[in-house]
Amino acid sequence: MRSYRDLFRTPEFTPFFLAASAQTVAQTMGGLALGTLVYRATESPLLSAVSMFGSSLVQVLGATFLLSAADRLPPRAALTALPLLFAAATAALALPGLPVWGLFVIVLAKGLAESVGGGVRWGLLNEILSKDGYLLGRSVFNMMSGLMQITGYATGGALVALLSPRLSLLAAAGLYGSAAVAVRLGLTRRPPRTTGRPSVQATWRANALLWSSPPRRQAYLALWIPNGLVVGCESLYVSYAPGSAGILFACAALGMLAGDVLVGRVLPPGPRSRLGFPLLLLLALPYVPFLLHPALPLAAAAVTLASVGFGASLVQQERLVALTPDDLTGHALGLHSAGMLTTQGVAAALAGSLAQLTSPAWAMTAMALGSAGVTLLLMGAAKREELKTVSR
């Protein structure tokens with residue numbers, strides 16, 4: 001599979017893609033609206049950041065106890081039910097008078113369901129396209145994510161500014177419903193990839209097997225930590241620039257789109273495989289000058305440049321898929337998704353706490369330096385592993 005045209009000629013890819021697009025717009029609109037709603041009510045950078053990314057905090061629970069379901073549920077049924085659940089949860093967040101603690105209960109419950117959804121979704125993509133088309137397909141999904149995030153944040157920002165956060169949440173709930181319809185009508189029924197009932201024991205066994213390989217461990221850590229710490233920077237956009245957060249989010253999505261085009265379509269395999277760690281450094285370093293609180297145009301340019309570095313995840317995902325047995329693909333990709341989102345949620349909470357004690361600008365710089373430091377440590381570990389392999 002060599003071109004985007006080949007992807008969209010593949011049966012079921014287009015409805016699968018459209019459903020994911022609607023869900024991404026819904027998620028970004030809903031997140032911005034909720035973060036704004038909480039910040040207006042509390043004036044707390046911490047609570048605003050956690051409200052936007054708090055569902056990620058419970059992904060680790062899903063990865064620990066529920067992830068075996070990713071390969072044991074019928075994909076079409078699961079991917080139809082989950083957006084309906086998200087629609088109901090998002091509509092509930094718009095209820096007037098709902099206390100802040102009630103908002104967080106809903107956000108965390110939504111996160112538990114999302115931890116399984118990632119494994120089901122990306123495992124199904126691997127079935128629809130097979131391993132030789134996975135990287136190209138995932139790059140298209142990442143590009144779509146960038147475009148739909150731009151759309152979601154621009155639309156959500158306009159709705160929040162002109163109308164209200166609650167109306168933006170209701171619009172997001174409607175989009176989740178449309179995603180469920182697209183999956184139900186556009187995908188065929190498939191059996192689960194693995195037989196047996198989902199269980200905690202099956203989840204633990206698969207996690208232990210995946211984690212037992214040093215190359216897979218390094219791929220997971222590279223996918224989770226540097227990325228997550230930079231998302232901690234993004235979680236502070238609302239408190240850094242309360243009236244212009246939508247612009248910064250849209251610029252971040254634009255940069256991510258450029259990075260995904262570069263890695264997924266432009267670069268040949270050889271150079272691409274060597275750019276994983278340099279792109280992670282690019283992801284972090286443009287945030288360091290935020291300590292000086294640059295003006296909005298400079299901040300937007302830095303955010304756009306930094307987000308090109310998100311293309312590193314494609315390099316690491318390609319490596320992870322190549323290292324994973326076929327019958328564990330959904331579980332492995334679900335573990336990647338759950339671990340990444342958990343790290344992002346923890347980083348958002350950490351960034352919000354630092355901003356509460358200091359300032360959003362100072363906290364963004366600290367998170368960026370932490371991300372760059374972790375990337376350098378992972379580079380050193382990868383080189384040592386490479387030297388061991390050569391010496392054998």
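- In the hydrophobic clustering of ILVMFWY residues, with side-chain heavy atoms under 4.5 Å counting as a link, V183 and L82 come out apart.
- Here the side chains of C251 and I247 are in contact, with some heavy-atom distance below 4.5 Å.
- By the 4.5 Å heavy-atom criterion applied to side chains, S313 and Q316 are not counted as neighbours.
- Residues I106 and L85 do not share a hydrophobic cluster, defined by chaining ILVMFWY side chains whose heavy atoms lie under 4.5 Å apart.
- The same ILVMFWY cluster, assembled from side-chain heavy atoms under 4.5 Å apart, contains both L376 and L223.
- The aromatic rings of Y287 and F290 sit tilted, their planes meeting at an angle between 30° and 60°.
- Between A351 and M367 the shortest heavy-atom distance is CB-CG, 3.9 Å.
- Hydrophobic clustering places I225 together with M256 (ILVMFWY residues linked when any side-chain heavy atoms are closer than 4.5 Å, directly or through intermediates).
- The structure places CZ of F8 at 4.5 Å from CZ of F17, a figure rounded to the nearest 0.5 Å.
- Residues Q27 and F86 are not in side-chain contact: their nearest non-hydrogen atoms beyond the backbone lie 4.5 Å or more apart.
- Across all their heavy atoms, N227 and L283 have their closest contact at CA-CD2, 4.0 Å.
- Between L296 and S244 the shortest heavy-atom distance is CD2-OG, 3.6 Å.
- For the pair L125 and F13, the minimum side-chain heavy-atom distance is below 4.5 Å.
- Rounded to the nearest 0.5 angstrom, L323 CG and Y220 OH are separated by 9.5 Å.
- Taking both residues in full, the closest heavy atoms of S44 and Q356 are given as OG-OE1, 3.4 Å, listed atom of the first, atom of the second, then distance.
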Chi angles and distances behind the side chain to side chain contact (heavy atoms under 4.5 Å, CB included) call for L124, L187: CA-CA 10 Å; L124 178 58; L187 300 185; 3.8 Å; yes
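- Under a 3.5 Å cut-off, the side chain of E12 and the backbone N or O of T188 do form a donor-acceptor pair.
- Within a 6.0 Å sphere centred on CZ of R319, heavy atoms belonging to other residues, nucleotides or ligands number more than 12.
- R190 contributes no side-chain N or O that, together with a main-chain N or O of P75, makes up a donor-acceptor pair within less than 3.5 Å.
- Remark: the backbone N or O of L175 is paired with a side-chain donor or acceptor of S178 at under 3.5 angstrom.
- Under the 30°/60° scheme for interplanar angles, the aromatic rings of Y240 and H293 are found to lie parallel.
- Residue L320 is grouped with residue L280 when hydrophobic side chains (ILVMFWY) are merged at heavy-atom distances under 4.5 angstrom, including chains of intermediate members.
- T343 contributes no side-chain N or O that, together with a main-chain N or O of G228, makes up a donor-acceptor pair within less than 3.5 Å.
- Counting only distance, with no hydrogens or angles, the side chain of R216 and the backbone of L209 share a donor-acceptor pair below 3.5 Å.
- For the pair S168 (side chain) and P165 (backbone), a donor-acceptor distance under 3.5 Å is absent.
- Of the inter-residue distances, the one linking F310 atom CZ with L279 atom CG reads 11.5 Å to the nearest 0.5 angstrom.
- Residues V263 and L275 have side chains not in contact (no heavy-atom distance under 4.5 Å, counting atoms from C-beta outward).
- Of the possible polar contacts, none joining the T304 side chain to the A252 backbone as a donor-acceptor pair under 3.5 Å is found.
- Looking at heavy atoms from C-beta onward, T375 lies in side-chain contact with L281 at the 4.5 angstrom threshold.
- Considering only heavy atoms from C-beta on, L378 stays 4.5 Å or farther from Q218 through its side chain.
- The minimum heavy-atom distance between A355 and L236, with the atom names listed, is CB-CD2, 3.8 Å.
- Note that CG of L229 is 14.0 Å distant from CH2 of W224, once rounded to the nearest 0.5 Å.
- In this structure, the separation between CG on L79 and CZ on R121 is 6.5 Å, given to the nearest 0.5 Å.
- In terms of heavy-atom proximity, E234 sits nearest to S307 at OE2-OG, 4.2 Å.
- Under the 4.5 Å side-chain criterion, counting only non-hydrogen atoms from C-beta, T90 is in contact with Y176.
- A donor-acceptor pair under 3.5 Å is formed between the side chain of T28 and the backbone N or O of V25.
- Between the CG atom in L369 and the CG atom in L285 there is a gap of 8.0 Å [rounded to 0.5 Å].
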